[in-house]
Amino acid sequence: MIIATTIAQVRAQVAAWKKEGLTVGLVPTMGYLHEGHASLVDEAVRQCDRVVASDFVNPTQFGPNEDLEAYPRDFDRDCALLEEHGCAMVFHPAVEEMYAPGAATYVEILSDMPKQLCGKTRPIHFRGVCTVVSKLFNIVTPDKAFFGQKDAQQLAIIRQMVRDLSYGIEIVGCPIVREADGLAKSSRNTYLSEAERQAALVLSESVFLGQKMVAEGETDANKIVAAMTEHIQAQPLAKIDYVSAVDGVTMDPVDQIAGTVLVAMAVYIGKTRLIDNFIVEGK
């Protein structure tokens, strides 16, 4: 596996691959990889001839009081996982490589999409996400890019950005990967104490509760959200950021389960903010 630290290295290698007629997949990550990331790489390897993964903790998507400095990092471990799963190149740039001194250009969606859900309490987050993903698209020029459904709002926003900016890139969403007990895999799970790890199951439990209500025919989104909220509130270590039902494309709030609906949550377990969701596909 090639370890690239500069934009020039990535561009030269991708150009060589494309000269051979090979297709290129991109898996953007912030490192500290787990089985969820591995599943994205596996799917990219399945669909593309060569796979590039980025391993970069992007500072522009963290707010002033968020966990940028504390965000877990283990590049050697990341490389071992990526190589094991067939990744051809990892792009691991320094911040100065991605953001030159005096950088002042951002990519931002100005609709209400980034203001919903996570955007309500993280107002600059999706501007940072769109900017770094746009830069990665320009650097790697992939045929396809792979993102996890756990970050469902991010996935919807990136799809919108790709449409709006006419990127010739197919965006592939991949299913949430869960621990054996149901907890969605996340790099932030490492922050949890033993008691908090147990308490965090309240997120997946509420997801399964909501899915059960939909399966039994409930179409009132507010009733589903209320039941999920009540379940989470019964856990003393949990503090809700939001539990919401929104249109799966626009992220606008909905009252009824009709069309494609995303039911999503962000919950603090102690000081750790975790997210989870499920999607009801339109009929």
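- In this structure, L117 CG and Y242 OH are separated by 4.5 Å, a value rounded to the nearest 0.5 Å.
- Between atom CD1 of residue I240 and atom CD of residue Q235 there is a gap of 11.0 Å, rounded to the nearest 0.5 Å.
- H92 and F75 have parallel rings, their planes meeting at less than 30° on a 0 to 90° scale where 60° marks the start of perpendicular.
- Here the options are R73, R122, R188, the test is salt bridge (charged side-chain N to carboxylate O under 4.0 Å, His left out), and the partner is D67; only R188 passes.
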inquiry  = Quick one, D143 with T23, criterion side-chain hydrogen bond (donor to acceptor under 3.5 Å, both in side chains). Give me CA distance, side-chain angles, the key distance, then yes/no.
reply    = CA-CA 6 Å; D143 298 284; T23 58; 4.9 Å; no

request  = Applying salt bridge (Lys or Arg N to Asp or Glu O under 4.0 Å), run through R46 and E43 and close with a yes or a no.
outcome  = CA-CA 5 Å; R46 193 181 72 79; E43 187 60 25; 2.6 Å; yes

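- Panel note: side chain Q153, backbone C118; a donor-acceptor pair is recorded below 3.5 Å.
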ask   = Please walk me through it: do V207 and R178 pass side chain to side chain contact (heavy atoms under 4.5 Å, CB included)?
value = CA-CA 12 Å; V207 162; R178 298 185 180 277; 3.9 Å; yes

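- When the shell of 6.0 Å around CD of E97 is examined, it contains more than 12 heavy atoms from other residues, nucleotides or ligands.
- In this structure, H231 NE2 and E205 CD are separated by 4.0 Å, a value rounded to the nearest 0.5 Å.
- More than 12 heavy-atom neighbours from other residues, nucleotides or ligands sit within 6.0 angstrom of CD on E20.
- Here the options are K150, Q160, Q149, the test is side chain to side chain contact (heavy atoms under 4.5 Å, CB included), and the partner is L155; only Q149 passes.
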